[in-house]
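So you know, we letter chains A, B, ... as the sequences are listed, proteins then strands, and number each from 1. Just so it is clear, the values below take in all heavy atoms, side chains as well, and ignore hydrogens, waters and symmetry mates.
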2 protein chains.
Amino acid sequence: MAVTIHEVAKGADVSVSTVSRAFTMPEMVNAATRRKVLQVAEELGYQPNRAARGLVTGKTGNIGVVVPDVANPFFSAMLKGCTARAREVRHVVFLADAAEDPRVEAEVVGAMAKQVDGVVLCSPRMQSEHLERLVGTTPIVLINRDEAGLPAVLMDSADGARQALEHLAALGHRRVAHLTGPPASWAGEQRRDGVRAAAAAGDVETVELGPFPPTFQGGVQAADLALARGVTAVLAFNDLMAVGVLNRLAARGVSVPGDISVTGFDDIEMSAMTTEPLTTVRMPMEAAGRAAVDLLLDGLDAPEPRDGVPTHRWLGTQLIVRSTTAPPREGTTDGDTATRALVGR
Amino acid sequence: MAVTIHEVAKGADVSVSTVSRAFTMPEMVNAATRRKVLQVAEELGYQPNRAARGLVTGKTGNIGVVVPDVANPFFSAMLKGCTARAREVRHVVFLADAAEDPRVEAEVVGAMAKQVDGVVLCSPRMQSEHLERLVGTTPIVLINRDEAGLPAVLMDSADGARQALEHLAALGHRRVAHLTGPPASWAGEQRRDGVRAAAAAGDVETVELGPFPPTFQGGVQAADLALARGVTAVLAFNDLMAVGVLNRLAARGVSVPGDISVTGFDDIEMSAMTTEPLTTVRMPMEAAGRAAVDLLLDGLDAPEPRDGVPTHRWLGTQLIVRSTTAPPREGTTDGDTATRALVGR
DNA sequence: ATGAAAGCGCTAACAT
DNA sequence: ATGTTAGCGCTTTCAT
């Protein structure tokens with residue numbers, strides 16, 4: 001069926017090992033024979049079977065990537081980084097969508113384990129114990145989760161949260177809602193800690209609402225609760241949620257940022273997609289994907305922990321203010337205005 | 001390193017063939033021995049090496065998916081459908097992002113060919129000849145492209161375009177811009193044909209602008225051109241582009257849909273993400289992904305073309321009107337008002 | 001019902 | 001520089 005190395009060997013009148021070498025160690029074979037081999041291979045349309053190769057070398061040239069939800073722009077940006085970098089280093093990616101389900105996460109890693117050189121786990125929701133069990137199975141690099149000793153690419157969500165809250169405080173906000181996402185999200189925890197610390201330091205009161213699904217719908221749902229609590233600003237788990245909030249606020253006739261300021265965490269692309277002023281904490285998702293692949297491959301080259309080679313990569317975040325965010329109006333601090341804005345209709 | 005079938009065999013004190021059978025043909029092995037084998041396997045954490053299995057069976061249990069751009073919600077929705085369906089039928093997906101580059105498309109299919117049972121090509125931009133060359137390599141199913149004899153999942157973009165244009169005409173629009181996307185897009189051609197036909201039938205004039213990149217930025221860029229041509233409505237290649245248009249219109253102070261109506265083609269999720277009234281032609285992307293996987297697997301079961309089993313699946317589209325889209329104002333038909341709206345600032 | 005052995009396509013010693 | 005051979009982990013005849 002498929003054209004094998006044997007056929008190329010026959011066609012070029014050499015042994016299979018020569019063909020193999022012509023591809024994998026070109027220096028070790030006579031220039032003339034190599035040319036011939038490559039030419040015959042080309043004519044026959046030969047492509048080495050990477051699975052068979054992996055069987056003997058122990059290296060598949062594949063890397064697995066597991067995301068909680070491909071359709072979430074947050075993760076598709078990550079995925080983009082992974083696939084792009086993987087291609088550059090001649091690897092192929094195995095993708096699994098865990099559907100935000102911790103059990104599925106563990107399951108798919110198991111299924112991929114044997115046919116990949118390692119796995120990049122994006123914001124895994126699974127429990128630490130499960131994670132630890134998987135570690136024995138295959139090399140793993142985490143994105144946005146810090147687990148004892150595991151190589152990871154981390155984003156400074158806590159600092160992002162601080163930046164956002166200080167910004168809001170500077171604008172005069174004294175009561176802001178923090179919409180939380182999946183309880184098992186490490187980044188979510190970081191943000192919560194960052195928010196709490198900044199709130200304490202900056203003399204602003206925060207109202208923690210949630211958990212909400214990290215989706216557009218989650219934001220819609222959260223908006224009503226936030227409104228009812230009379231806040232003047234909202235800090236959403238991610239931009240998808242933030243956009244949902246904006247949408248719902250608009251539907252209820254609340255003006256942004258006149259009545260309420262909205263801020264989300266995300267990669268810039270998403271937040272650019274609304275015409276409402278949406279301040280964003282930029283998370284370098286694509287860079288994180290690329291970094292994770294590099295970390296994985298670095299680790300593969302050196303099975304033994306080496307000195308001087310970092311197993312963690314820490315990525316900063318950046319606050320993007322997209323509007324002349326207006327401070328809350330006089331007397332709004334207690335939330336009355338915002339509340340009134342909708343009670344009135 | 002990894003736990004192999006031999007170790008399980010040793011542990012359960014049976015031969016490797018028995019272990020193999022216990023997994024792949026459970027009926028053929030004594031219930032007691034099978035239980036024992038399965039238990040030992042469980043204890044050892046044995047997972048069959050699917051690559052090795054594929055080497056002998058010829059079936060890898062993997063399917064390849066190639067998309068022009070994972071970060072485009074249009075395609076990530078497709079991808080979601082593919083991964084979800086693949087998991088249901090116990091397959092794993094190999095993902096490649098072609099970066100909107102036809103050459104990369106062909107290249108990655110080649111790279112995956114040997115380790116997948118077939119490939120789903122989403123809206124491939126590559127030339128027909130390249131496509132035909134690939135067909136010999138591995139089973140292929142196309143999404144949103146109709147190529148002689150190849151199994152495909154098609155969406156009725158032309159009809160969607162007709163629905164959109166009729167809707168605009170019914171609202172009184174007489175001059176609408178059609179923003180085109182990648183020239184090599186089959187769906188784009190369909191839409192163009194649909195738009196032209198409907199325009200001729202419905203007595204509305206269309207201004208074809210483009211090609212633009214099928215991105216948010218593409219829309220920003222297109223908006224200025226559309227405005228300059230004095231249209232009262234815009235039909236964008238996809239929602240991403242449409243949202244870019246909205247954003248730019250807002251920046252230039254043009255009101256939507258007061259001055260201009262905007263319509264895009266896309267899966268509903270994306271279009272829900274703006275607070276502006278954005279009419280959308282809903283493309284069932286996720287369903288298409290699922291259907292493509294099914295088609296691929298069906299075809300695999302029957303290497304010979306069978307009667308009664310469709311090789312094509314045709315998915316309808318649906319117009320989603322999200323607003324009380326206002327008709328153009330008096331005297332606006334020639335586009336003066338819209339144009340004036342920005343000349344004034 | 002179970003085992004022994006051949007071999008899938010490839011690479012890596014080990015010859016020569 | 002090139003050929004020979006022994007597997008990689010698995011399934012699948014073919015025996016028993």
Roughly how many Å is it from NE2 in B:His6 to P in D:dC8, rounded to a whole number?
8 Å
In whole angstroms, how far is the P atom of C:dC10 from the NZ atom of A:Lys10?
14 Å
Please classify the nucleic acid contact of A:Arg21 as base, sugar-phosphate, or nothing, using heavy-atom distances under 4.0 Å.
base
Atom-to-atom span, CG of B:Leu55 to P of D:dT11 - whole angstrom:
11 Å
Taking A:Asn49 for the side chain and A:Thr4 for the main chain, is one N or O donor matched with an acceptor at less than 3.5 Å?
no
Once you round it to whole Å, what is the distance between P of D:dC10 and CD of B:Glu7?
9 Å
When every non-hydrogen atom of B:Ala22 is compared with those of B:Val29, the smallest separation belongs to CA-CG1, 3.8 Å
Could you walk me through whether B:Gln115 and A:Gln115 pass the side chain to side chain contact (heavy atoms under 4.5 Å, CB included) check?
CA-CA 10 Å; B:Gln115 38 194 346; A:Gln115 37 195 346; over 6 Å; no
Using the side-chain heavy atoms of B:Ser20, tell me which of these nucleotides is nearest: D:dT11, C:dA4, D:dT2.
D:dT11
Using whole Å, report how far CG of A:Asn49 lies from P of D:dC10.
16 Å
May I ask you to say what B:Ser17 touches in the nucleic acid, namely base, sugar-phosphate or nothing, with a heavy-atom cut-off under 4.0 Å?
base
Matching residue for B:Gln39 among B:Glu43, B:Arg35, B:Lys36 - test: side-chain hydrogen bond (donor to acceptor under 3.5 Å, both in side chains):
B:Glu43
Would you mind reading off the distance between A:Ile5 atom CD1 and C:dG7 atom P, rounded to a whole angstrom?
18 Å
Separation of C:dT11 P from B:Lys114 NZ (nearest whole Å):
12 Å
Among the nucleotides D:dT11, C:dA1, C:dT11, whichever has the atom closest to the side chain of A:Thr24 is C:dT11
Which sits closer to the 5' end of DNA chain C, B:Ala31 or B:Thr57, going by the nucleotide each is nearest to?
B:Ala31
I need the CZ-P distance between A:Arg53 and C:dT11, as an integer number of Å.
4 Å
Passing candidate, salt bridge (charged side-chain N to carboxylate O under 4.0 Å, His left out) with B:Arg125, options B:Glu100, B:Glu189, B:Glu105
B:Glu100
Taking the side chain of B:Val14 as its heavy atoms from C-beta onward, which of C:dG7, C:dG3, D:dT2 lies nearest to it?
C:dG3
Is there a side-chain polar atom (N or O) of B:Ser15 under 4.0 Å from OP1 or OP2 of C:dA4?
no
So B:Tyr46, base contact, sugar-phosphate only, or nothing? Heavy-atom distance under 4.0 Å.
sugar-phosphate
Under-4.0 Å side-chain N/O to phosphate OP1/OP2 contact, A:Thr33 with D:dT2:
yes
If you check every side-chain atom of A:Thr18, which of D:dG9, D:dG3, C:dT2 has the closest atom?
D:dG3
